[in-house]
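Below is one structure, written out as structure tokens, with a few remarks after it.
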Amino acid sequence: MLFGTIVGSLADKQGRKRACITYCITYILSCITKHSPQYKVLLVGRILGGIATSLLFSAFESWLVAEHNKRGFDPQWLSITFSKAIFLGNGLIAIVSGLFANLLAENLGFGPVAPFDAAACFLAIGMAIIMSSWSENYGDPSESKDLMSQFKVAAKAIASDEKIALLGAIQSLFEGSMYTFVFLWTPALSPNEEDIPHGFIFATFMLSSMLGSSIASRLLARKLKVEGYMQIVFSISAVTLVLPVVTNFLVPPSSVKGGSISVGGCLQLLGFCTFEACVGIFWPSIMKMRSQYIPEEARSTIMNFFRIPLNLFVCVVLYNVNAFPITVMFGMCSIFLFMAAILQRRLMVVSDLHKSSTKAQEMIGEDEPLNP
């Protein structure tokens, strides 16, 4: 959270291409540390992994948006690119990568570290492509601003523009609930140590996410207002994560250890797949809104600022995960998602007011020369 925010924010000042190359180098080093049995080395690897993750979720998107605008491409193409990236990267490639990692570690017998070595190889290939084919772009190319000045610009933008603040809150609420779900779905589906097919369920989640990104692609292609349909998506997400609470009361839990997945577990699984579809819709949609509302000069810095409350939220949840029943945790996530839907409604209202005000000012400016 600390190092990642600082390094990720440097992308606006030092260049997004350099930041993407730094991501590749940092994650390669993180993969190499997995060969060591020493705790301190592994801890350094996790720090490097955290820095790389911050760069992954800010530098690449910032570079793409800036390059897209610089070349004068149709803004609609950006939405299509986001949807395809989520469909292929977060969905199809994730499934293939999981199968390939299992092949290396289990079938070919190379051991549990082999997938990290393979990841390092692919990162090296990606870095070579970036170095040879990408051009550099910056958020603020001026030489006078240091890192603290960059932070001040980002903080001022968030504080002065309600749309950016709302967008950050929405992202933190949804992603915080999503990452909490990642840790809770296994115990939710197997409360009595039922034998569930984890690999098959994960693949089903990924397919659901791919379906969601495909739906998002069609919604964006029809030029529907993102701020409008995302209210429905957040509301559906909230309902799906409240299912474990509902089934706990309606379906009596079995006291028998082991066995197959229960009826309540099947209902929850259906809800979880629906939630993953909502996740697939969320990613390209939030990317679209970030490209609209976040100013170019501090894009990476602001995006990393958004991750600070998210990381704090996840840390607090994980630290107290054994202090509360799993139904309470899911209920809390459902409340956060309903809050995200309310804030999304507010964002749409503020955005419409801003557009109306801007249009009115433009009309006044056009009429002024006609006045005596």
Side-chain angles (χ1 to χ4, degrees), residues 1-14 16 19-20 22-23 26-27 30 43-63 65 139-140 145-183 230 234 279 282-283 285-321 329 332-333 335-337 339-340 342-344 346-347:
M1 180 175 67
L2 176 62
F3 296 110
T5 301
I6 294 174
V7 175
S9 300
L10 289 172
D12 289 324
K13 178 66 179 173
Q14 303 298 327
R16 279 75 178 266
C20 294
T22 303
Y23 158 78
T26 307
Y27 220 101
S30 177
L43 180 61
V44 171
R46 288 310 309 142
I47 294 174
L48 293 171
I51 293 172
T53 301
S54 292
L55 291 170
L56 174 66
F57 282 97
S58 59
F60 286 87
E61 182 180 333
S62 298
W63 180 90
V65 174
D140 186 356
K145 285 187 178 178
D146 54 14
L147 183 61
M148 288 306 300
S149 299
Q150 194 74 19
F151 283 166
K152 289 179 182 178
V153 170
K156 184 179 179 180
I158 296 172
S160 61
D161 193 333
E162 186 181 357
K163 299 189 296 299
I164 300 177
L166 286 169
L167 187 63
I170 290 167
Q171 177 178 324
S172 296
L173 288 169
F174 186 88
E175 290 192 35
S177 301
M178 179 185 69
Y179 289 125
T180 303
F181 164 79
V182 169
F183 293 103
M230 283 307 296
F234 290 140
V279 171
F282 167 80
W283 284 117
S285 301
I286 197 72
M287 289 175 177
K288 174 66 174 177
M289 288 189 286
R290 285 196 297 241
S291 69
Q292 291 176 338
Y293 298 128
I294 299 179
E296 183 60 39
E297 62 269 16
R299 185 178 300 277
S300 293
T301 307
I302 292 174
M303 288 171 64
N304 279 286
F305 269 31
F306 287 172
R307 297 190 65 80
I308 293 177
L310 164 64
N311 290 330
L312 284 173
F313 172 77
V314 174
C315 288
V316 170
V317 168
L318 291 180
Y319 184 77
N320 297 283
V321 70
M329 304 295 285
M332 180 181 64
C333 290
I335 292 172
F336 288 154
L337 291 170
M339 290 173 60
I342 294 171
L343 293 179
Q344 184 68 71
R346 174 61 183 170
L347 177 59

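All figures in this text were calculated on a predicted structure; none of them were measured in a lab. All values below were derived from every heavy atom in this structure, side-chain atoms included, with hydrogens, water molecules and symmetry-related copies excluded.
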Please tell me if the side chains of [X] and [Y] come closer than 4.5 Å, counting only heavy atoms from C-beta onward.
X      : Y      : value
Met329 : Phe181 : no
Tyr293 : Leu347 : yes
Ser291 : Lys288 : yes
Phe282 : Met230 : yes
Phe174 : Val279 : yes
Met339 : Phe336 : yes
Thr53  : Arg307 : yes
Leu312 : Ser172 : no

At their closest point, which heavy atom of [X] faces which heavy atom of [Y], and how far apart are they?
X      : Y      : result
Ile170 : Ala340 : CG1-O, 4.0 Å
Ser58  : Ser300 : O-OG, 3.9 Å
Ala154 : Phe305 : CB-CE2, 4.2 Å

Self-check item: Audit row: Phe234, Leu173, side-chain contact (heavy atoms from CB on, under 4.5 Å) steps and yes/no
Solution: CA-CA 10 Å; Phe234 290 140; Leu173 288 169; over 6 Å; no
About how many Å separate [atom2] of [Y] and [atom1] of [X], when rounded to the nearest 0.5 Å?
X      : Y      : atom1 : atom2 : result
Leu55  : Asn304 : CG    : CG    : 7.5 Å
Met332 : Leu337 : CE    : CG    : 10.5 Å
Gln171 : Met289 : CD    : CE    : 9.0 Å
Ile158 : Ile294 : CD1   : CD1   : 8.0 Å
Ile164 : Lys156 : CD1   : NZ    : 12.0 Å
Ile47  : Ser30  : CD1   : OG    : 10.5 Å

- Item | Whether Arg16 side chain and Glu61 backbone form a donor-acceptor pair below 3.5 Å | no
**Prompt:** Checking Asp161 side chain against Ala157 main chain: does a donor-acceptor pair fall under 3.5 Å?
**Reply:**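 Side chain of Asp161 to backbone of Ala157: no pair is present.
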key: Phe306, CZ: over 12 other non-hydrogen atoms inside 6.0 angstrom   =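 Yes - once you tally the heavy atoms of other residues, nucleotides and ligands closer than 6.0 Å, there are more than 12.
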Passes side-chain contact (heavy atoms from CB on, under 4.5 Å), Glu162 versus Arg346? Steps please.
CA-CA 10 Å; Glu162 186 181 357; Arg346 174 61 183 170; 2.9 Å; yes
query: Can you say whether the rings of Phe60 and Tyr23 are parallel (under 30°), tilted (30 to 60°) or perpendicular (over 60°)?
result: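 Aromatic pair Phe60/Tyr23 classed perpendicular.
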Sorted by chain and residue number, the side chain to side chain donor-acceptor pair (under 3.5 Å) partners of Thr26 (sequence neighbours excluded) come out as none
